Structure formats: C-alpha cells, structure tokens
Amino acid sequence: MAEKQYWLIKSEPDVYSIDDLARDGRTGWEGVRNYQARNFMRDGMKVGDLVFFYHSSADPAGIAGVAKVAGRAYPDPSQFDRKSEYYDADSDPDQPRWMMVDVEFVEKCKRLIPLDELRGVKGLEKMALLKRGQRLSIQPVTPGEWAIIAKLAGLKCR
DNA sequence: GCCAACGTTGGC
DNA sequence: GCCAACGTTGGC
C-alpha cells in the first residue's frame, strides 16, 4: 500500500468554489490542459489522497478547504466535446491526451488562509505554491506543509 | 533543436 | 485592467 500523498488544486471561486464542492459532494475535475498537471493526476493521485482546495484569482486568494481524490484518473470527456471550451481537436479517442480525476468534499477551513499569510509562515519557504511565477493548477504538497497549514486552518484532517 | 511569437495564468 | 512569468506552437 502506497503512502498517502498530499496535493493542492486551484480553482477560481467565481467558477467553482469550496462551497460549490460542499454542495455537490463530489465533482469531476475536468478541463485541465497542462501536461504536468495531467501527469500528477494520472500518475500521482491515488484514491483517498487529501487535497487542499485553493481559491485563485480571488480576494483574497488562499486555501479554502480540503477535498480528497475519489477515483483513479480517467479520460476527460470534454476533450472530445466540440461544444466544450476544453475541446481538443488533436486528441485521439484511442489515446486520449487529457485525463481527470473525481474529487470529493472533505471539509472547509475554519478560516481561509490567504496567500499573503502563507508567505510568512515558517516551514513553508519551499512550498511550490509560493514560488514566483507558479501557475501550475495541480501541485504536490509535502506532509510537513500539510501539517502546518492544516493546523493554521483549524482542519480536522491532518 | 532553437527561439520568437503568442496565449494564458493569476497576483496585484 | 495591467503585466510578469510561463507553457506551447510553429517557422526555420
């Protein structure tokens, strides 16, 4: 049994927020069109892995809650949907280019932890999210980083 | 294989 | 709305 891993996924709350996930319970994380992010979903994410739900392009941006990986990666159907904004004409149905996972709501932070605050927290100096110019929408989180943030956010799952 | 041009992300 | 940073594309 592989060690449980931790992740972070970004979402613009105007598009899909932690409250939306709480309402839906579970959702498909479709539309990821970046190879590195795809690889994390396809090769890294395992059922039960915990995921920080990060609000990007928000005021303030920050960590809003926790989800968990609900299933292994599967081909993202939106890549074959001509009407979808995520349609990819170059993706071969026999060898789908883009994958997605389902995520399940776990809990909401007692308070949102703003990006600005994270930058000042001891122990998070090397966190991927805080690196300059970091745009990756799916990132691994170390157990140490998880523990620090979970405590700050008053989360039950640590 | 290089790299300029272009498109996108996301903080501010 | 601006723009720095970055990923992708395509000409050569």
Side-chain angles (χ1 to χ4, degrees), chain A residues 5-24 27-45 49-69 73-103 105-142 144-146 148-155:
Chain A
Q5 294 188 73
Y6 300 98
W7 306 94
L8 178 146
I9 59 178
K10 296 180 184 175
S11 184
E12 298 187 20
D14 291 348
V15 178
Y16 198 84
S17 71
I18 188 71
D19 291 323
D20 293 325
L21 184 60
R23 176 200 64 212
D24 296 342
T27 196
W29 210 248
E30 67 167 19
V32 174
R33 294 294 179 267
N34 171 282
Y35 289 104
Q36 215 181 331
R38 177 204 65 185
N39 294 347
F40 282 137
M41 287 196 290
R42 186 187 62 189
D43 308 328
M45 285 184 166
D49 282 358
L50 292 173
V51 183
F52 281 135
F53 195 103
Y54 178 84
H55 282 176
S56 63
S57 297
D59 190 18
I63 291 174
V66 177
K68 73 178 170 191
V69 178
Y74 57 96
D76 180 344
S78 67
Q79 70 195 303
F80 304 121
D81 177 2
R82 288 177 172 281
K83 296 199 191 78
S84 169
E85 59 175 314
Y86 303 123
Y87 177 63
D88 182 352
D90 295 330
S91 183
D92 175 0
D94 292 329
Q95 278 211 302
R97 178 178 293 180
W98 305 113
M99 307 290 282
M100 60 184 280
V101 296
D102 285 359
V103 296
F105 177 77
V106 174
E107 63 178 312
K108 203 176 156 175
C109 292
K110 290 263 187 310
R111 64 181 183 94
L112 181 136
I113 309 299
L115 179 61
D116 189 50
E117 180 177 339
L118 291 172
R119 291 191 192 284
V121 175
K122 197 160 176 291
L124 299 183
E125 294 85 358
K126 291 184 178 165
M127 192 174 181
L129 179 73
L130 306 182
K131 292 215 175 84
R132 198 168 58 102
Q134 181 57 266
R135 308 189 312 184
L136 199 57
S137 65
I138 298 182
Q139 309 174 358
V141 171
T142 69
E145 290 160 357
W146 185 278
I148 290 169
I149 294 168
K151 190 173 178 190
L152 273 179
L155 294 170

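Naming: A, B, ... by sequence-line order, numbering from 1 per chain. Quantities reported herein were computed from a predicted structural model and do not represent experimental measurements.
Residues Asp88(A) and Trp98(A) meet the side-chain proximity criterion, which asks for heavy atoms closer than 4.5 Å.
Between chain A and DNA chain C, the heavy-atom contact criterion of under 4.0 Å yields a 5' to 3' nucleotide range of dA5(C) to dT8(C).
At a threshold of 4.0 Å, the pair Asp76(A)-Arg33(A) counts as salt-bridged, since one of the basic side-chain nitrogens sits closer than that to a carboxylate oxygen. Between Lys108(A) and Asp19(A) there is a salt bridge, with a side-chain nitrogen of the basic residue lying less than 4.0 Å from a carboxylate oxygen of the acidic one.
Between the side chains of Glu12(A) and Ser56(A), no donor N or O sits under 3.5 Å from an acceptor N or O.
A perpendicular orientation is assigned to the rings of Phe53(A) and Trp29(A), their planes being inclined by more than 60° (bins at 30° and 60°).
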